[in-house]
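Predicted, not measured: the structure shown is a model, and the values here were computed from it. In listed order, ligands and their atoms are each counted from 1.
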Amino acid sequence: MNKEEIVRILKCDDEKEIKALFERASGIRRQVQGDKIFAYGFVYFTTYCRNNCNFCYFRRSNDIGRYRKTEEEVLALSKALVDSGVNLIDLTMGEDPLYHSEEFETVLRIIRKLKEMGTSVMISPGVVPDEIIDRFKEAGADIFALYQETHNRELFRKLRKDQDYDERMHAKLHARDCGMFIEEGILSGVGETPEDVADSLLTMGEIGARQVRVMSFVPQPGSPMENVRTPDRMEELKIIALMRILYPDALIPASLDVDGIAGLKDRIDAGANLITSIIPPKSGLMGVANSVMDVDEGGRTVEEASEILRSMGLRIATDKEFKEFL
Ligand code: SAM
Ligand code: MD0
Ligand code: SF4
């Protein structure tokens with residue numbers, strides 16, 4: 001698919017054609033991995049951040065309650081997630097000054113201990129120096145996540161205020177070059193054009209991303225974009241389908257962070273092969289886009305997700321199956 005064709009599909013509102021698009025995408029997923037769907041536990045272990053992204057609840061200037069989990073807490077929560085059946089732990093952090101201007105020893109130790117536990121690990125640290133990225137790899141991290149949000153530099157400047165586009169891209173490429181899988185991601189509903197989306201989708205392939213994501217923007221109280229409306233979900237779903245068609249083997253999340261557990265089925269039907277943002281109830285952990293939705297209610301669990309998958313003739317993959325897929 002070239003840029004023109006991608007743009008045409010993004011602009012298309014013919015119901016029959018869109019239905020066929022989703023069927024084609026989910027058909028490819030079934031061909032590649034049958035009835036298996038992967039599941040990632042989400043451990044947002046520090047919500048302190050030095051940055052001021054305009055879309056984010058956790059931006060520095062937002063006056064909110066924050067937390068920083070201890071090493072023991074992170075390990076205990078991760079263990080509970082692994083025991084519940086997730087295939088990977090996504091260790092995510094704000095650009096917490098405690099780590100970012102000091103050192104990452106605690107984070108490195110956590111990665112090593114999680115690997116000793118036998119689980120796969122993804123690290124979402126924000127922008128970090130090359131030497132630290134090398135050490136994440138040495139410690140055993142499997143996937144390095146860093147989302148550009150858009151590949152339109154002008155739009156990037158508006159979203160990721162005072163951050164450098166090239167620096168962010170460099171960190172991602174360095175992680176790839178030192179042997180980790182990388183995840184690239186974009187936001188839907190932040191002022192992007194269909195042409196921007198097409199550029200992003202093609203860039204994801206050019207940089208060799210193993211995992212690719214899109215999330216619909218969710219407005220955050222207290223942030224500069226709090227009055228920007230959340231977009232119709234059709235754009236996100238079409239982008240998921242396009243990613244699947246362009247990259248049949250890619251890991252493509254259906255994030256519970258956007259619409260909670262209620263949003264799972266549509267995303268899987270659009271071609272996603274992976275459930276992210278599974279969070280233990282009453283753990284004090286938060287999501288990012290929807291920081292609390294469905295968390296304490298126990299909606300974001302393997303159990304709940306499995307029930308929905310079952311009704312679709314699908315199931316959560318075993319660890320062995322996930323490792324073979326990687
Ligand atoms: N602080 C690190 C960083 O920014 O790279 C790690 C956290 S990162 C995984 C958080 C991601 O959540 C952002 O890159 C963005 O794609 C997504 N996100 C943040 N706020 C959002 C919002 N209001 N709506 C939708 N997605 C959002
Ligand atoms: C998710 N809330 O998977 C998480 C987050 C960070 N690597 C991912 C945005 O939806
Ligand atoms: Fe900080 Fe990440 Fe939120 Fe930006 S997206 S404000 S870097 S936590």
Do [X] and [Y] have side-chain atoms, one donor and one acceptor, less than 3.5 Å apart?
X	Y	value
Glu71	Thr106	no
Ser255	Asp257	no
Thr301	Glu304	no
Thr150	Asp196	no
Arg68	Tyr48	no
His151	Glu184	yes
Gln220	Asn62	no

Point to revise | Worked check of side-chain contact (heavy atoms from CB on, under 4.5 Å) between Leu108 and Glu103 | key: CA-CA 10 Å; Leu108 290 160; Glu103 30 98 355; over 6 Å; no
Revision key, fill the gap. Counting from 1 in the order shown, the ligand 3 atoms closer than 4.0 Å to a non-hydrogen atom of Phe55 are 5 (S)
Check your understanding: Near Tyr44, which atoms of ligand 3 are under 4.0 Å from a heavy atom of that residue?
Key -> 8 (S)
Review point. Heavy atom of Met215 under 4.0 Å from ligand 2?
Key: yes
Practice item. Please list, in chain and residue-number order, the protein N/O/S atoms closer than 2.8 Å to atom 1 (Fe) of ligand 3. Key: Cys49 SG
**Study point:** Ile182 side, atom CD1; Tyr147 side, atom OH - distance, nearest 0.5 Å
**Key:**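 The distance works out to 11.5 Å.
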**Study point:** Basic-acidic side-chain contact under 4.0 Å: Asp259, Arg233
**Key:**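 Looking at Arg233 together with Asp259, the answer is yes, because their closest N to O distance falls below 4.0 Å.
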Point to revise | Salt bridge flag under 4.0 Å for residues Glu72 and Lys113 | key: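 Result for this pair is no, no salt bridge flagged.
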**Study point:** Aromatic plane relationship, Phe325 with Phe38 - under 30° parallel, 30 to 60° tilted, over 60° perpendicular
**Key:**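 If you compare the ring of Phe38 with that of Phe325, the planes turn out tilted.
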Check your understanding: How are the rings of Tyr67 and Tyr44 set to each other: parallel, tilted or perpendicular (split at 30° and 60°)?
Key -> perpendicular
May I ask you to identify the nearest protein heavy atom to [atom], giving residue, atom name and distance to one decimal place in Å?
atom	value
atom 4 (C) of ligand 2	Phe42 CE1, 3.4 Å
atom 2 (Fe) of ligand 3	Arg160 NH2, 4.2 Å
atom 10 (O) of ligand 2	Ser255 OG, 2.5 Å
atom 3 (O) of ligand 2	Thr276 OG1, 2.9 Å

Taking 4.0 angstrom as the limit and counting only heavy atoms of [X], give me the atoms of ligand 2 inside it, by number and element.
X	value
Met122	7 (N)
Thr92	6 (C), 7 (N)
Asp257	2 (N), 10 (O)
Asp90	6 (C), 7 (N), 8 (C)
Ser124	6 (C), 7 (N)

Check your understanding: Where does Arg213 meet ligand 2, judged by heavy-atom distances below 4.0 Å: at the side chain, the backbone, both, or neither?
Key ->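 The answer is the side chain of Arg213.
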Practice item. Begin with the C-alpha distance, continue with both residues' side-chain angles, and end with the deciding distance and a verdict on side-chain contact (heavy atoms from CB on, under 4.5 Å) for Ile143 and Arg210. Key: CA-CA 9 Å; Ile143 308 181; Arg210 180 80 180 81; over 6 Å; no
Review point. After noting the C-alpha distance and the side-chain angles of Ser216 and Glu236, does the key distance pass the side-chain hydrogen bond (donor to acceptor under 3.5 Å, both in side chains) rule?
Key: CA-CA 6 Å; Ser216 296; Glu236 179 181 332; 2.6 Å; yes
Practice item. Could you tell me whether Tyr147 and ligand 2 have an N or O pair separated by under 3.5 Å? Key: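 Yes; at least one N/O pair falls below 3.5 Å.
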Exercise for review: Identify, chain by chain and in numerical order, each protein residue with a heavy atom under 4.0 Å from an atom of ligand 1.
Suggested key: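 Shell around ligand 1 (4.0 Å, heavy atoms): Phe55, Cys56, Thr92, Met93, Gly94, Ser124, Gly126, Leu146, Tyr147, Glu149, Arg160, Arg168, Leu187, Met215, Ser216, Phe217, Val218, Gln220, Val288, Ala289.
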Exercise for review: Count the heavy atoms belonging to other residues, nucleotides or ligands that lie under 6.0 Å from CG of Asp13, then report whether that count exceeds 12.
Suggested key: no
